[in-house]
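No experiment lies behind these values; they were computed from the predicted model shown. The figures that follow rest on heavy atoms only: side chains count, while hydrogens, waters and symmetry mates do not. Start at 1 and go down the list; that is how both ligands and their atoms are numbered.
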Amino acid sequence: MTAVFNHGEFDHHEQIVFAHDYKAGLQAIIGIHDTTLGPAAGGVRMSTYHTSDDALTDVLRLSRGMSYKNALAGLALGGGKAVLIGNPRTDKSPELLASLGKAINHLGGRYLAAEDVGMTVVDMEEIAGQTAHVFGRDPKAGYGGEPSPMTALGVLLSIQSCVKYTLGRNNLDGIRVAIQGAGAVGTDLARRLGEEGAQILIADVDPIRAQAAADKARGQVIGIDQVLSADVDVLAPCALGAVINDASIGSLRTKIVCGAANNQLSEPRHGVALAQRGILYAPDYVVNAGGIINVSYEVGGSYDSAKVIKHIQKIPQTLEAIFATSARESLPPDVVADKMAQRLIGRGTPP
Ligand code: NAI
């Protein structure tokens, strides 16, 4: 246990649950970071991890991120996350998902699960067979369904806010945006940006997906090794974390980094490096809160998409406050966002 409490990403988590069921093949870790503002809410991520330590590191970083995200999104929710170790294409079974559902149910509502990478609405319905503490469920039954379109809406509004702040422009006509990742969020973001008159360059490891997204936005496909260094106004990472790193930072040719991917900065010092290069960074967990805002309106059983959209429309105000403090106090926006979130949940720098 020393390895857990002394873990570099531990950050005073309230509870960490290691769930194992050899018959169902379940190996999962549920991290509950902070419940000051409400039950810990966050997605279930299914992924193959090289080691269980990699899975632990991921869940700790992601659940703390959810505390900060939910706090700055103005939600009465704490932060949590679950990682399910396995290949989402080959290892999923009804038994596995039911077993995860039982583990979530044992927490009695301290953790509220939703989808994340590797999980679908159908999987959430399977988990819901064992617990009421699961969201992101089927819209046909009055739930919010797949959160990506609402996440993409939040990213669009965030890009508009960044463009206004940095370029003094009130519209996206002719603004060049490079999107990394033509998945659920990246594709919908491309479409929305295209409708606003932006010029889209989009890259994905899957060229068919990249082309389909480009077609929706009347944009162009770009190589996966070119997207981070494209000469654009906005770089929107919508695939992986840690894309702003020692290898990429020197070659960035964008004025703004604003996208959906979680944990875009490889290390906090990369936020400093972006600021030194005069590149505006919109903190990822503020930008990508649309999905959890969508999910939050399912809690209590009163989902209403109009209310969700109204709530997401507040994201630019939060960004404006972050950018103003960042300029006033000469601190990178990610540091300002963390401080604001820590204040909201009553945590300072851990002792
Ligand atoms: P997704 O799995 O649907 O799409 C990710 C896409 O990135 C895939 O098409 C994949 O082929 C592509 N990709 C992977 N490696 C790549 C690389 N090196 N270069 C270019 N493309 C690459 O995921 P989704 O749902 O679109 O989410 C995107 C990001 O946003 C993820 O990091 C996720 O954690 C984050 N996010 C998503 C939310 C949601 O509502 N879906 C909410 C908050 C954050």
Exercise for the section: Could you tell me whether the side chains of S266 and N245 share a donor-acceptor contact shorter than 3.5 Å? Expected result: no

Fill in the blank from the handout: Sorted by chain and residue number, the salt bridge (charged side-chain N to carboxylate O under 4.0 Å, His left out) partners of D334 (sequence neighbours excluded) come out as none

Problem - Pairwise side-chain contact, S67 with H33, heavy-atom cut-off 4.5 Å (strictly under) - result: yes

Exercise for the section: Give the residue and atom name of whichever protein heavy atom lies nearest to atom 23 (O) of ligand 1, and the separation in Å to one decimal. Expected result: A184 N, 4.6 Å

Fill in the blank from the handout: So the atoms of ligand 1 within less than 4.0 Å of a heavy atom of Q180 turn out to be 19 (N), 20 (C)

Problem - Distance-only side-chain donor-acceptor flag, T51 / D53, under 3.5 Å - result: no

Exercise for the section: Would you verify that at least one protein heavy atom lies under 4.0 Å from atom 4 (O) of ligand 1, or report that none does? Expected result: yes

Practice task
Answer with yes or no after comparing the ring centroid distance for F135 and Y143 against a 6.0 Å cut-off, counting only values under it.
Solution key: no

Practice task
For atom 2 (O) of ligand 1, grab the closest protein heavy atom and report residue, atom and distance to one decimal in Å.
Solution key: V117 CG1, 4.7 Å

Practice task
Classify the contact between T151 and ligand 1 as side chain, backbone, both or neither, using a heavy-atom distance cut-off of under 4.0 Å.
Solution key: side chain

Exercise for the section: Check V227 against ligand 1 and report side chain, backbone, both or neither, counting heavy atoms closer than 4.0 Å. Expected result: neither

Practice task
Report, in ascending order of atom number, the atoms of ligand 1 lying under 4.0 Å from any heavy atom of A182.
Solution key: 9 (O)

Completion exercise
Of C238, S148, P147, A213, the residue with the heavy atom nearest atom 41 (N) of ligand 1 is S148

Practice task
Kindly indicate whether the side chain of K314, heavy atoms from C-beta on, has any atom under 4.5 Å from the side chain of L319.
Solution key: no

Practice task
Can you sort out which atoms of ligand 1 are near R209, meaning under 4.0 Å from one of its heavy atoms?
Solution key: 8 (C), 9 (O), 10 (C), 11 (O)

Exercise for the section: Kindly confirm or rule out an N or O of L240 lying under 3.5 angstrom from an N or O of ligand 1. Expected result: no

Problem - Sub-4.0 Å atoms of ligand 1 with respect to non-hydrogen atoms of R45 - result: 34 (O)

Exercise for the section: Give the residue and atom name of whichever protein heavy atom lies nearest to atom 16 (C) of ligand 1, and the separation in Å to one decimal. Expected result: V205 CG1, 3.8 Å

Problem - Centroid-centroid under 6.0 Å between H270 and Y281 rings - result: no

Practice task
Indicate yes or no: does R192 engage E196 in a salt bridge with an N to O separation below 4.0 Å.
Solution key: no

Problem - K164 bridged to E320 by N-O distance under 4.0 Å - result: no

Fill in the blank from the handout: If you scan protein heavy atoms around atom 35 (C) of ligand 1, the nearest is A260 O, 3.4 Å

Practice task
State whether the number of non-hydrogen atoms from other residues, nucleotides or ligands found under 6.0 Å of R169 atom CZ is greater than 12.
Solution key: yes

Fill in the blank from the handout: Candidates I202, D116, V287, V185; heavy atom nearest atom 26 (O) of ligand 1 found on V185

Exercise for the section: Number the atoms of ligand 1 from 1 as they appear, then name those within less than 4.0 Å of a heavy atom of N262, with their elements. Expected result: 32 (O), 34 (O), 44 (C)

Exercise for the section: Would you mind telling me if ligand 1 is within reach of the side chain of I224, the backbone, both or neither, using heavy atoms under 4.0 Å? Expected result: side chain

Completion exercise
Short version for A203: what comes under 4.0 Å of ligand 1, heavy atoms counted, is backbone

Problem - Lys/Arg-Asp/Glu bridge criterion (N-O < 4.0 Å) met for E95, K23 - result: no

Problem - Distance-only N or O hit between ligand 1 and D206, under 3.5 Å - result: no

Exercise for the section: Look at atom 7 (O) of ligand 1 and say which protein heavy atom is nearest, naming residue and atom and giving the distance to 0.1 Å. Expected result: A239 CB, 3.3 Å

Handout entry: ligand 1 versus M66: contacting region, heavy-atom distance under 4.0 Å
Key = neither

Problem - F323/Y165 aromatic ring centres below 6.0 Å - result: yes

Exercise for the section: Determine, for E298 against R137, whether the closest basic-nitrogen to carboxylate-oxygen distance falls under 4.0 angstrom. Expected result: no

Handout entry: Closest protein heavy atom (residue, atom, distance) for atom 11 (O) of ligand 1
Key = D204 OD1, 2.6 Å

